[in-house]
Amino acid sequence: PFGAGSGGAASAISRGTFIVVDSVSSSCGGSGSRGIAPPRPTFPSPRFLYCDSAHSSRHCATSAMEHTDGTAGGGPAAGSARRMAILARQVTAAHFACESRPREGRVDAALVSALQRLLDHDNHDMRARMKDFMRAEVYVPRYDMDLRDERELALARLRGICDAGFVSVEWFRTNPLAIFAAHEIAAFCDPSMATKMTVQFNLFGGTVLKLGTAQHHGPLLRKMDSLEAVGCFGLTELGFGNNAVEMQTTATYDSATQEFVVHTPTPLAQKYWITNGAVHAHWCAVFAQLIVGGEKRGIHALLVRIRNDDMSVCRGVRIEDMGHKMGCNGVDNGKLWFDNVRVPRGALLNAFSNVDAAGNFSSSIAKPRDRFLKVADQLLSGRLCIASMMQSGSKVALTVAFRYAASRLCVGPSGRSDTPILDYQLQQRALVPLLARTVCLNIGLSHVKDRWAAASGFDGRAVDPQVAVEVTALVCAIKPLCAWHIETTATTCRERCGGQGYLSVNRFGSLLGFAHAGMTAEGDNRVLMQKVAKEVLGLMERPGHVRDRVAQGCAAAGPSVGAASWGLPELRCLLLAREGRLLRELGGAMAGAGAAFFDEWMKRRSDLVQAAAMAYAEREVLDACVVCLESEAPAAVGATLVRLVRLFALRCVESDLPWYLAEGLLPPAAGREVPGAVRAAVDDAGHGAQDVVDAFGVPDHLIAAPIAGDWERYNVVDNRGELFGEAANA
């Protein structure tokens, strides 16, 4: 009865099978078995489990019985089986396919194809294959689920992707852009799965790859790729988030036993918000104050086993579940404590620092703070992973909103409901600027990915220090822009879809929770923007293109023509002027602060710091778009892309219009023209907006929102706000 079924999600995952479990009789059968329990007349119908073939059928049966009658299966082996089980309140036999409706008007297929290739940027074949793979039923969204089941579903989805070979930690050495691409595609489907992916392959896997040596790579890298070794990233502490360099966890070397003793000395030192930690992780990359011979040597990372093979918690480790969150509840966030946990000397990730058998410490990095920056280096690529996922969320939200707006009829000139709401200026003014900004952030993100990949250090080549600072500033700028943008986009799209947008099944709720996770994870957005301003001020002090650009911006004058006639040169001049003047003002204030530097920066100039960083970030995005238009964009997309980039830049000016007026860069008459120029640009870009949405390349099965398809047919039956169930057969 536990043989692999021939259909449904079971056939899509190379290791495992689905087992249907009736909620009353707890009968079990393969996923292809249709007669194990009669269909129930109410929604939802029989439940199903996913069982990994590495575990015995006995364990699956134990888990099935436990989920059905509430009795506990004994021992850690049953706990391991439960860890791999998915219990969802839907049938596997049918689900509602959210297929797009035929569009009115001509579809510019050449534009859609060329623009999608431009926006995808890299790894085109891999992206297409991964999207197609995710047609399996396990990737169909589910909503009314128990917290434990939601976590197991996220893990099973990630396992399917791993088994199919769509992501590998070693790609950081060979094809880092493919890792970001995998995050983008995963986030179309499930923010929780994508989040677990980024911790497993970037934060945990990338840290072991970069900071570890052969003794760590050999046993672990392959197991990371297959999820045989699930890891977590133990950096953040309850009392030390953004100031992690002051963390309290210690790793003290005991030369008598050649071991490190990892310890959590206070409640504030507990590792906090540890993704994968609450349920699934076997290992933790623990960051701690390294103490050797009674002397602190700075923050270092050690590999610490936190669960045994049977998933029981290791001795001396305490794990607490952080429970339900406002979003991404498929992610098992935990709190970790270490009570004098002993690990061998080889647990130290020693690519840059080492402790020999006699207890002698050595490091190729002289300063303790610089050691921390090196060991936390994977946060940079993590920010790019998050930015990639945030962009995918914005694309899904806009795809759903535009499709619904094109199909939802409301009052027209005749008074009848015969006009798509997308025709209204109200709808276009809300959605089209977000569409333009999404495209421009996409191009800016691709530029930053390329810069990071060339300076990542995974290839062993030395990186010019100034280039490293420039890349750090770019990465720390693009993540906040993408994270803030998805929050604005999801909120606006939800509102413009009315009550339909409030249903979970139409995706906006999960996207909002995802947005708020992205605004905080891998660095609070506002703190990152402080870092951007700090790094750019440092670059201004050195001869080079940054200093020259700021000087050019300070000398720039306002446009000589009205806003309706502004092209990209005039708009770039305005964004450059804002960046230059704000950075000059900030640099002057800090130069005169002297010993009061901290108070000046943190207590008196916060608004200026944030504004200068934002001005830098938006000008960088615009410059990336201009370069793209000049050297990368094919002729088929040129005119459309110019309209979108121009609208993006106009909106930047409109958002900061009071500043431009106060600075005298725009006279009052010119300022009054700006909103009208934006409205005209919205109308101009809006005519081809649906083609641009199609160019995001999100297939119907990953959009998976009824209002993006035949929402009338979806509401013919009692769907209970789900895509699965007997109602899907209608």
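Residue numbers run from 1 in the order of the sequence given. Keep in mind the model is a prediction, meaning the values are calculated, not measured.
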Handout entry: Partners passing salt bridge (Lys or Arg N to Asp or Glu O under 4.0 Å) against Arg383 (at least two apart in sequence or in another chain)
Key = none

Completion exercise
The side-chain contact (heavy atoms from CB on, under 4.5 Å) partners of Val693 (sequence neighbours excluded) come to Thr399, Phe402, Leu435

Exercise for the section: Can you sort out the partners of Asp524 under salt bridge (Lys or Arg N to Asp or Glu O under 4.0 Å), two or more places apart, ordered by chain and number? Expected result: none

Completion exercise
residues 177-192 vs side chain to side chain donor-acceptor pair (under 3.5 Å), sequence neighbours excluded, gives Arg127-Glu184, Arg157-Asp190, His183-Thr198, Glu184-Lys449

Practice task
Using salt bridge (Lys or Arg N to Asp or Glu O under 4.0 Å) as the criterion, list what pairs up with Asp694, not counting sequence neighbours.
Solution key: Arg103

Exercise for the section: Return each pair, listed once, that meets salt bridge (Lys or Arg N to Asp or Glu O under 4.0 Å) where at least one residue sits in residues 270-283; pairs must be two or more places apart or across chains. Expected result: Glu237-Lys271

Exercise for the section: Could you pull out all residues at least two apart from Gln378 that satisfy side chain to side chain donor-acceptor pair (under 3.5 Å)? Expected result: Asn202, Ser381

Handout entry: salt bridge (Lys or Arg N to Asp or Glu O under 4.0 Å) contacts in which one or both residues fall within residues 485-512, not counting sequence neighbours
Key = none

Exercise for the section: Name all residues meeting the side chain to side chain donor-acceptor pair (under 3.5 Å) criterion together with Glu320; count only those two or more places apart in sequence or in a different chain, and write none if there are none. Expected result: Arg318, Lys335

Problem - With Arg403 via side chain to side chain donor-acceptor pair (under 3.5 Å) - residues at least two apart - result: Asp700

Practice task
Quick one: list whatever passes side chain to side chain donor-acceptor pair (under 3.5 Å) with Thr438, sequence neighbours left out.
Solution key: His485

Exercise for the section: Taking ring pair (Phe, Tyr, Trp, His ring centres under 6.0 Å) as the test, write out the residues that go with Phe172, two or more places apart. Expected result: Phe458

